[in-house]
K.L.:
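Sharing a structure, written as structure tokens. Questions coming.
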Amino acid sequence: MLASPDKAPVLEMHHISKRFDATQALDDVSLTLYPGEVHALLGENGAGKSTLIKIMTGIHQPDAGEIVLDGQPVQIANAMQAQRLGIAAIYQEPMIFPDLSVAENIFIGHAERTPFVNWGRIVREAEAILGRLDVKLDVRMPARGLTLAAQQAVEIAKAISLQVRVLIMDEPTASLSAHEVEQLFRLVDALRRQGVAILFISHRLDEVFAIADRVTVFRDGRWISTRLRSEVTPEGAIRDMVGREIGDFFAKTPAAQRGESLLSVRGLSKRGVFSDISFDVHRGEVLGFAGLVGARRTDVGLALFGIEPADSGEIVFEGRPCTIRSPEQAMRLGIAYVSEDRRQLGLSLPQSITANITLPLLRRYAAAFGLLDFKAEEQTAERYKQQLAIRAPNVQVEVGKLSGGNQQKVMLAKWLNTAPKLLILDEPTRGIDVGAKAEVHHIINALAQQGIGIIMISSDLPEVLGMSDRVLVMREGRQMGVFDRAQATQERIMAAAIGGAIPDSPAPRADGEGMA
Amino acid sequence: MFHLPSALRRWETLLLAILAVVVLFNVTRSPFYLRIDNLVNVFELSIEKIIVALVMTFIIINGEIDLSVASVMGLAACVVARLHADGVAMPLAVLVALTVGLLCGAFNGFWIAYVGLPSLAVTLAGLIGYRGAARILLEDKSIGNFPEWFNALGQRPLVGPFPLALIVFFVMLIAAAIILQRTAFGRYVYVIGNNKEVARYAGIRVKQVKMRLFMASGLIAALAGVLLAARLGAVRGNTAEGFELDIITMVLLGGVSIFGGSGTLTGVALSILIILNLRNGMSLANITGNTQTGVIGALLILSVLVPNLVGRLRALRSRMRPATTGPTPQPAQEVEIS
Amino acid sequence: MKAITRAIRPEQLREITLAALIVVVVLFFSSQIQGYFSGRTFNRVTASVAIIAVVAVGQTLVVLTRNIDLSVGSIVGFSAYFVGTQLANDNTLSPAFAIALAIGLGALMGAINGALVAYGRVPAIIVTLGTLAIYRTILVDMSGAKTVVVDALPQWLKDLPRTNLIQIGELDIRLMFGLAVFVVLVFQLVLVYLRFGRRLYAIGSNPEAARNAGLPTQRIVFSAFVLCGALAGLAGFMFLARFGTITVVAGQGMELQSVAAVVVGGVNIFGGSGSMIGAFLGATLIDLLEQSLIRWLRVSEFWRDALLGLLILLAVASDAVILNRLRRIWAQDGVSVQGKPVE
Amino acid sequence: AAPVAAPQAPAAPAATEPPAAPAATQAPAAPSGEVVKAEPGKAVKMVLLPKFLGIAVFDQANQGAQEAHKELGNPEKLEFLGPTPENSVAGQIEIVTTAATQGVNAVMLSNNAGDQIVPAVKKAVEAGTKVVTWDSPIPSAEGESVFVAQVDFNETGKVMADMALSILGADGGKFAVLSASPDAANQNAWIAAMKEALKDPKYAKLELLDVVYGNDQSEESYKQALALVDKYPDMELIMAPTTVGIAAAAKAMTDEGLCDKVKVSGLGLPAEMVEYTKSGCAPEFALWSFVDLGYLTYYLTYLLATNQIEAKEGVKFKAGRMGEYTITKDPTREKGLRVLMGPFTVYNKDNVDK
Ligand SMILES: Nc1ncnc2c1ncn2[C@@H]1O[C@H](COP(=O)(O)OP(=O)(O)OP(=O)(O)O)[C@@H](O)[C@H]1O
Ligand SMILES: Nc1ncnc2c1ncn2[C@@H]1O[C@H](COP(=O)(O)OP(=O)(O)OP(=O)(O)O)[C@@H](O)[C@H]1O
Ligand SMILES: [Mg+2]
Ligand SMILES: [Mg+2]
């Protein structure tokens with residue numbers, strides 16, 4: 001193997017294989033973790049990363065192979081045992097307890113000696129941990145209704161509150177913005193110095209290169225390479241992951257020409273949630289929404305889609321004033337909303353890819369006597385499977401059995417299929433790999449070219465900057481400004497999002513609408 | 001094709017096997033079992049329950065429950081009887097009874113779909129309340145003496161040896177299977193049962209679907225109640241009391257998850273066949289009363305437990321195998337030693 | 001206002017809404033029924049709610065974990081009958097032994113349910129629908145249709161239902177009611193202050209997350225069923241003491257009664273939220289309605305059930321509506337909390 | 001009444017019978033007036049069907065029937081089959097239907113399904129099964145051969161009124177009835193008969209306040225009894241014509257220390273009532289012997305099923321140890337025939353524990 005830190009490895013995975021029905025998720029892979037290292041694991045969607053992790057924490061049992069902890073072979077039968085062995089994980093899909101308070105969510109799994117709950121301590125410590133992450137949450141509120149990012153923060157707090165030797169993070173940053181990511185990395189760094197071994201999975205390569213000591217790449221369930229960070233380049237890593245070269249990302253073709261206004265929002269407010277939001281989306285334009293976790297961007301999206309209608313304000317769509325009170329009504333207007341939370345809100349997990357993709361338009365697939373035309377449905381699903389490179393044996397597979405990224409693609413397909421006039425994307429590339437991300441960006445561009453208006457809510461700042469014609473920045477439910485592409489720099493947007501002074505832009509020409 | 005999750009398909013195979021055993025047992029144990037009148041009886045004695053079980057399947061797949069069905073059956077029967085006793089023409093009485101059923105369903109549906117109350121609470125109140133309404137109508141009386149043609153509907157064969165209710169059941173079974181598996185509405189029922197929010201985010205009118213289901217449930221329960229009145233030829237305040245548990249049992253044994261989102265009508269149809277034939281077989285073997293319900297209870301548990309245990313055993317064994325023959329070094333050494 | 005909204009959560013107000021509903025019901029019937037507002041009404045309701053309250057506590061434990069126990073009625077009947085027979089055969093058996101026997105028997109039946117649900121992975125509704133019938137069948141077969149008669153029971157048991165714990169003016173606090181309240185309070189404390197209690201909520205709230213978080217979910221669910229069975233066994237003993245004449249149908253229908261109490265008491269039937277106090281108040285509300293309607297001269301015997309159904313529905317609905325309003329107020333206040341770092 | 005032709009004898013006994021010629025052809029139904037003594041040893045399949053299983057009185061009836069079964073040396077088995085209490089109506093219908101399918105010769109039914117049992121009973125009769133009711137008849141009498149009445153239903157009403165008078169004293173008082181379920185045919189008939197009896201000036205001082213239902217459940221009956229006390233402060237007696245109700249009411253009065261004010265009476269099992277009769281809470285109540293009822297029912301049914309007698313008014317027969325009985329018109333049901341067992345035993349502290 002590779003040159004390694006002088007210490008003995010904590011955890012070794014030898015020749016692990018795992019098969020689900022038709023899918024060989026892992027095929028004879030090996031991985032070694034040393035104390036005090038951050039080990040990044042890269043791979044395309046469905047490469048088997050999450051599966052490996054679930055084997056490490058006892059959720060899945062390997063078909064073959066061996067796990068060695070401190071030189072001793074171990075069987076990890078369940079999560080409880082993994083925790084006792086000092087292994088904890090932040091899973092790709094946050095799994096919170098909606099009825100428990102945030103504080104309890106963090107401490108419920110802790111094994112303690114007394115059978116009693118010390119409420120005062122739990123609240124204090126939860127606040128302290130979230131404080132270190134710089135996440136502001138009322139830890140006594142039930143976790144129900146937290147946005148995905150907030151859930152992710154809770155998951156992170158839960159994992160680091162455990163005194164562990166091996167900490168696994170499966171895409172912890174997927175819905176965090178740059179600010180929270182910075183805080184998280186500070187914590188990771190502290191843990192690394194304490195000698196914790198950290199396995200870090202992300203599709204954001206810049207993050208990987210910022211934090212990892214070593215990088216392992218999987219492809220199609222097989223081990224491809226393990227290298228020191230100094231020996232890897234982003235291009236090299238991508239080549240390992242994909243098996244070929246990939247061109248540029250964020251290839252924004254500037255809006256051909258700004259069409260007429262498609263959606264015009266003035267003074268949109270919802271009591272206790274957001275207030276006084278005003279912006280325009282033109283045909284063929286991509287309007288980015290930036291902000292920190294909890295900036296209420298999602299809530300604006302939900303209001304426009306009629307899930308949680310706003311209390312006051314004007315919405316003009318295609319020149320006609322309208323109130324949107326239900327998703328169904330929004331869909332009739334030609335609005336589509338791709339939720340950030342695919343598992344809870346976006347997909348019917350036990351059903352097939354086909355059933356999920358055709359769901360919003362199902363009535364269109366009804367033929368004679370209202371009977372569904374299964375063939376037509378399947379054709380649609382096949383088309384998107386090809387176009388978005390959804391990795392699945394066939395389109396009848398249950399969506400719940402797909403890898404996270406592939407689920408995200410199915411959800412995108414579901415809404416693309418409705419051929420909307422206005423597409424609201426909430427964290428559209430959450431958890432999808434570089435290749436697919438490029439593909440999604442390509443699709444967004446193409447849709448814009450066709451004259452579709454797009455609102456893109458994203459915590460991935462480079463993505464927002466790269467894709468948007470203009471960027472609206474929100475903070476705590478208020479609109480901090482709208483920046484033209486030319487003026488939107490990372491520093492200025494971050495400053496607006498955090499609420500600091502906005503540095504001068506190279507061409508100090510504020511956009512007409514924002515900055516109220 | 002709309003594919004079933006593989007676990008479910010396995011479930012139906014199991015049910016089929018159980019059914020085969022039950023039938024085989026009956027055939028060998030009783031010379032009367034295969035007689036055509038007995039086979040008709042197998043269905044006829046529970047026909048109203050199994051009609052309602054079809055709608056209940058939809059409701060449970062949708063993630064809800066309707067405990068009030070038996071009370072609605074009773075109420076509809078009482079409405080028919082009361083009106084008949086008061087001199088109203090029978091067809092009109094039946095129409096009114098069906099309307100009452102529809103209204104009961106709409107009432108349940110309103111609180112569940114639009115106010116958002118848990119269906120268990122609402123229909124539990126309905127279970128008590130609609131039964132109460134039936135009691136108000138008949139008090140301590142028993143009303144019968146229906147016109148001959150009406151009684152004949154329930155008691156005399158209509159086509160071949162089959163009475164009307166049995167024909168209604170088969171027509172409804174086919175219709176229900178088509179609606180559930182082949183129409184958009186059926187797909188919505190599943191999606192909402194899986195995750196109501198996902199359905200709402202996809203623009204499905206969740207409230208409307210739920211409302212329709214409960215209205216259908218009320219209507220069909222009322223129809224079943226009327227058929228029951230025709231079969232029994234007399235109605236009392238407690239007609240159909242306690243049927244809800246039998247109906248729900250049939251649906252659950254059919255593999256429908258109580259949490260919603262999964263299950264098929266094939267499964268429910270098989271489970272109906274199992275329960276009815278088992279009942280009949282036991283009756284023919286002079287096993288009645290609590291023992292009968294006890295055996296069905298045990299079957300209910302075993303039919304889930306045994307496949308679970310077998311599955312776990314198999315999983316355990318397949319995990320052992322690679323450990324002894326896999327590429328890990330220890331077993332190789334063992335081979336050398338031996 | 002904000003001070004209030006920060007200090008308590010709307011869910012914690014649920015009990016207060018229920019209590020308010022009870023007050024409304026009492027006030028209404030006071031205006032309708034002569035001599036209603038008296039110690040006697042209190043005594044009637046407390047004496048009759050005691051048994052179902054104990055069953056509802058057990059049911060709540062199970063429901064919190066997203067399960068259900070429909071066999072409680074059969075367990076109540078079984079333990080009442082079995083303990084009754086033992087006491088009738090041997091009048092010298094000690095009270096402690098009788099109670100322990102009832103609880104132990106209940107726990108055993110609960111353990112069977114729990115093992116099938118937690119370790120056999122059979123859905124709770126299927127298991128307990130089955131054991132509902134099976135326990136009753138065993139009872140019927142065992143009994144040979146004999147009835148436990150009051151005459152054969154020891155004197156201490158016959159005296160039990162009329163024993164007062166304390167008497168405040170007209171109000172009798174009966175020993176059995178005291179026992180029920182004690183059980184409710186103990187388990188309320190368990191739910192709030194014991195890790196076991198919190199874990200019940202966690203499992204019901206998100207079973208998959210509970211497994212991933214390394215909680216011993218199987219053991220906890222199993223324990224919930226054992227406790228539920230044990231409490232049903234205790235209720236069986238109380239049933240025996242109160243009714244004396246025990247036939248094989250004893251306790252029948254208690255499964256639905258306890259589920260009704262739990263649901264009206266605001267325990268989420270899909271697990272994760274609710275409280276013992278709530279379930280207790282739910283049981284009380286239903287019993288109060290029932291008894292008041294029986295005494296209300298204006299409604300005939302035959303109107304009672306129809307009204308009872310309607311009133312239960314209204315109780316659940318007004319509870320839900322009030323709670324929703326509260327939640328909205330909280331949500332709107334919540335925004336001011338946000339932004340500022342919390343301490 | 002159902003016209004049952006004599007020669008239409010069931011095949012089963014003929015086939016299983018010893019060389020002696022089948023009963024049907026050998027002994028045509030006796031002419032009325034002559035007391036028929038049962039000829040033993042004939043094979044007839046019979047089912048005793050109670051309202052439901054698990055209740056003492058029905059088991060006592062079964063004892064009596066088994067006793068008669070042994071006496072008569074019927075080589076077939078006497079089946080005691082019943083539904084569960086919560087599924088009584090559907091269960092009874094199912095058992096009657098299945099019995100007909102199996103070619104059972106006679107069903108002895110304590111009907112709990114009212115007239116809803118009629119279609120099933122008629123089908124059974126068509127298939128050659130005799131249906132005799134006991135304890136609780138088929139209200140319309142359709143399909144039923146004869147009803148074996150434990151006591152005269154009108155007399156039950158009078159007995160209850162008498163007990164009320166004897167407990168409340170000559171100056172009378174107010175009382176209420178705690179019945180089983182609103183659907184119980186026999187209870188309803190008794191209550192109706194009692195109301196009728198109360199019209200007699202002898203009972204002028206008795207006032208019936210209310211009829212409530214405890215559904216034969218201890219819990220509910222107990223609650224209802226107490227509610228009656230609260231509802232009618234000047235009520236002095238609860239009359240419960242059901243064994244479950246009377247015991248629950250007596251227990252409730254005892255527990256609440258109300259025995260001095262409110263007495264309990266009705267129909268009860270001595271074993272369940274000893275305590276309360278001795279304490280003076282339930283000074284008087286009545287019942288008949290269910291063992292005898294089962295015994296008598298068996299004799300009658302055996303005779304009918306073997307065609308030794310016909311179900312006709314005026315037919316006389318001897319029922320073993322119980323002596324002679326006559327089939328008469330049922331005064332409480334227009335088309336019905338009955339055999340009256342009687343009499344009541346009224347229990348008080350002198351005879352309750354014997
Ligand atoms: N429970 C399951 N049942 C069947 N197939 C599964 C299951 N879980 C995962 N798979 C399959 O195993 C393969 C590997 O999935 P895994 O989740 O490990 O991918 P991943 O590398 O984490 O991808 P992503 O980056 O999209 O999260 C996928 O093809 C997936 O469809
Ligand atoms: N202090 C808090 N306490 C509890 N919940 C909070 C708090 N702050 C925010 N939340 C939750 O987080 C959500 C933040 O709003 P919203 O989802 O619109 O923001 P967002 O900018 O999309 O954030 P995200 O990046 O998290 O998706 C709210 O719906 C709320 O439920
Ligand atoms: Mg993954
Ligand atoms: Mg968001």
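So you know, we letter chains A, B, ... as the sequences are listed, proteins then strands, and number each from 1. What you see is a predicted model, and the numbers here were worked out from it, not measured in a lab.
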K.L.:
I need the minimum non-hydrogen distance between Pro123(C) and Val304(B), along with the two atoms involved.
P.N.:
CD-CG1, 3.9 Å
K.L.:
Please tell me if the side chains of Val263(C) and Leu124(B) come closer than 4.5 Å, counting only heavy atoms from C-beta onward.
P.N.:
no
K.L.:
Which one of Leu245(B), Ile296(B), Leu253(B), Ile258(B) satisfies the side-chain contact (heavy atoms from CB on, under 4.5 Å) criterion with Leu129(C)?
P.N.:
Leu245(B)
K.L.:
Looking at Gly120(C), Ala306(C), Ala133(C), Ala260(C), which makes the most heavy-atom pairs under 4.5 Å with chain B?
P.N.:
Ala306(C)
K.L.:
What residue, out of Ile126(C), Ile312(C), Leu308(C), has the most heavy-atom pairs lying under 4.5 Å from chain B?
P.N.:
Ile126(C)
K.L.:
Can you sort out the partners of Ala250(C) under side chain to side chain contact (heavy atoms under 4.5 Å, CB included), two or more places apart, ordered by chain and number?
P.N.:
Phe239(C), Ile246(C)
K.L.:
Testing the basics here: between Gly309(C) and Ile128(B), what is the closest heavy-atom pair and its distance to 0.1 Å?
P.N.:
N-CG2, 3.9 Å
K.L.:
Contact part of Ile269(C) toward chain B, heavy-atom cut-off under 4.5 Å: side chain, backbone, both or neither?
P.N.:
side chain
K.L.:
Working to the nearest 0.5 Å, report the span between CG of Leu70(C) and CD1 of Ile248(B).
P.N.:
9.0 Å
K.L.:
So, using ring-ring contact (aromatic ring centres under 6.0 Å, His included) as the criterion, who are the partners of Phe82(C) when residues are at least two apart?
P.N.:
none
K.L.:
Taking side chain as everything from C-beta outward and backbone as N, CA, C, O, which of these in Leu252(B) sits under 4.5 Å from a heavy atom of chain C? Side chain, backbone, both or neither.
P.N.:
both
K.L.:
Measuring only between side-chain heavy atoms, which start at C-beta, is Leu256(C) closer than 4.5 Å to Leu127(B)?
P.N.:
yes
K.L.:
Under the side chain to side chain contact (heavy atoms under 4.5 Å, CB included) rule, collect the residues that match up with Ala106(B), sequence neighbours excluded.
P.N.:
Met211(B), Met215(B)
K.L.:
Can you pull every donor-acceptor pair closer than 3.5 Å across chain C and chain B?
P.N.:
| from | atom 1 | to | atom 2 | distance (Å) |
| --- | --- | --- | --- | --- |
| Tyr119(C) | O | Arg312(B) | NH2 | 2.5 |
| Gly120(C) | O | Asn308(B) | ND2 | 2.8 |
| Arg121(C) | O | Asn308(B) | ND2 | 2.8 |
| Thr137(C) | OG1 | Asn290(B) | O | 2.8 |

K.L.:
Checking heavy atoms, do the side chain of Leu300(B), its backbone, both or neither come under 4.5 Å from chain C?
P.N.:
both
K.L.:
Using heavy-atom distances under 4.5 Å, tell me whether Val122(C) contacts chain B through its side chain, its backbone, both, or neither.
P.N.:
both
K.L.:
Nearest 0.5 Å, please: how far is CD1 in Ile301(B) from CD1 in Ile134(C)?
P.N.:
4.5 Å
